[in-house]
Protein chains: 2
Amino acid sequence: MDPAKDTLGFIGIGVMGKSMAGHLMKAGYRVLVYTRTKEKAADLLSAGAEWAESPAALAPRCSVVFTMVGYPSDVEEVYFGPKGLIATARPGAYLVDTTTSKPDLARRIFTEAQTRGLHALDAPVSGGDVGARNAALTIMVGGERADFEAVKPLLEVMGKTVVLQGPAGAGQHTKMANQIVIASNLTGAVEAMRYAKAAGLDPRTVLQSIGAGSAGSWQLNNMVPRMLDGDFAPGFYVKHFLKDLRIALEAAREMKLKLPLLELAERLFARASAEGFDDNGTQALYLLYERGLV
Amino acid sequence: MDPAKDTLGFIGIGVMGKSMAGHLMKAGYRVLVYTRTKEKAADLLSAGAEWAESPAALAPRCSVVFTMVGYPSDVEEVYFGPKGLIATARPGAYLVDTTTSKPDLARRIFTEAQTRGLHALDAPVSGGDVGARNAALTIMVGGERADFEAVKPLLEVMGKTVVLQGPAGAGQHTKMANQIVIASNLTGAVEAMRYAKAAGLDPRTVLQSIGAGSAGSWQLNNMVPRMLDGDFAPGFYVKHFLKDLRIALEAAREMKLKLPLLELAERLFARASAEGFDDNGTQALYLLYERGLV
């Protein structure tokens, strides 16, 4: 890739996409952007990004198109809609979906892209808004090795740990493994703190004892202080986490895998969603326990 | 405490007790030891510890008696048996139970001790055999602050993080919070690795992507490599972990707390126990999943 020759596209300018596209611009690339709500792209546009009226207006001009949208249904629309990326991208172009989405959808994109001479990669990320801002994302990639190597320099502009995990879909599967672990660690931290409080302990003092040893986890040490401070702002939205857990559960069922902890986590976050916590951070699970709603 | 004046007792010389008593000896204290199987104390005896034929033979000679036995029933016997510590310890002595045991048993020991002018503390530890060997244990203490301050210098000979968590029982409750978190983190790591393998990923490469970020945990980064190497040696025995989870569950039920993840973990480890994994390390949970026994 060469900033002098290659134009990049970025579709989906939310909290994540904004930072990610910004890093590509700072690396010297001309970046075309499209997102449903144009105002969200205002900062990038005033920094020199170029607006495209639709994916179809953007794709033919780009060597690489990145997508970071919301749900698998959004991914489907952007890639497979009548004016979608598969139909309109320039032959030889790279399509990189950084949305957390379904592994089998990633495989379908890969196959359809191939028939049109396009190179598709699934490349979901972890690290959240802070990771995106600091170009410190973990990027988990599925696809062909040659395609991975071709776009790796761009991924490394946005991320710190960029790893090819296997063929198409492997990036999404790795992200699912990541979310299964997070769900477990977070739920465990919540139950432990609930227990500690009920037992009359000071949860912060408990954290002092258990945070650094074999119970230690990122979720325990980062999310518990937020819960205890009554800070339930996202971070990572309950509604998005529930989407991820449902993708993981569906994929597990297709593989005939029984994962009871994942099932429990899905049930708990579905309840959190039903109780109105969709737009809170995942640490709001604590409130579900505190209110006796589990 | 003063090595020139105070004799210490240590009851229960297993993997943990042996290292812990050894540190007290190295700190200059005369240490009397008793354990059910005398051979287990051989190394300590040849290093200068003095053998006692029973808790009753040991207790009257000690300023502080530490206990590190197996199950709550063992604790009951050592403390409340007709020749137990409560009946035979020297008035003014400190009784420090480092066994992971029931919070309400710790409270009962405290109360009974008080009526005889004894000072009891519950002080379960985490950090395992390695932590014990390196005097790097986390010690979670319940009891009176003055008693805690009196024995703290001794605890600090054996541990690195020594924290008073509250009144009698608070040490045990804190340890339960610790075990709830560990159960969650370990089970989550197992499910994620099971998922990864079923999805055709290389779990070690997955670990590269997810081990350092917001999914990171001690259990993920230390237990998964053992599972993948087929190393199911303890570490921490399944049978002891199951005991801990049952104590936590019983305590939670007494507090009318619903903790579904703890319930699930107890069910999984009970199954692991029933399937013959009692003397394996907790990471053997992975085999339960691999064999479709969950």
Exercise for the section: Answer with side chain, backbone, both or neither: which region of L257(A) has an atom nearer than 4.5 Å to a non-hydrogen atom of chain B? Expected result: side chain
Practice task
Evaluate the side-chain proximity of S209(B) to K175(A): yes if any heavy-atom separation is below 4.5 Å, no if none is.
Solution key: no
Exercise for the section: Could you go through the side-chain contact (heavy atoms from CB on, under 4.5 Å) check for I210(B) and V181(A) one step at a time? Expected result: CA-CA 9 Å; I210(B) 76 176; V181(A) 172; 4.2 Å; yes
Problem - Under 4.5 Å from any heavy atom of chain B - which part of P103(A) - result: side chain
Exercise for the section: Consider only side-chain N and O atoms of S214(A) and Q219(B), and report whether a donor and an acceptor are under 3.5 Å apart. Expected result: no
Handout entry: Donor-acceptor pair between T161(A) and Q208(B) side chains, under 3.5 angstrom
Key = no
Exercise for the section: Evaluate the criterion side-chain contact (heavy atoms from CB on, under 4.5 Å) for residue pair L259(B) and Y289(A); output intermediate values, then yes/no. Expected result: CA-CA 8 Å; L259(B) 301 179; Y289(A) 277 81; 4.1 Å; yes
Handout entry: Contacting moiety of T205(B), where chain A heavy atoms sit under 4.5 Å
Key = both
Exercise for the section: Go through the atoms of L186(B) and report whether side chain, backbone, both or neither lie under 4.5 Å from a heavy atom of chain A. Expected result: neither
Fill in the blank from the handout: Answer key: most heavy-atom pairs under 4.5 Å with chain A among L262(B), L268(B), N222(B), L201(B) is L201(B)
Handout entry: Residue L220(B) versus chain A: region with a heavy atom under 4.5 Å
Key = side chain
Handout entry: Contact class of L264(B) relative to chain A, heavy atoms under 4.5 angstrom
Key = side chain
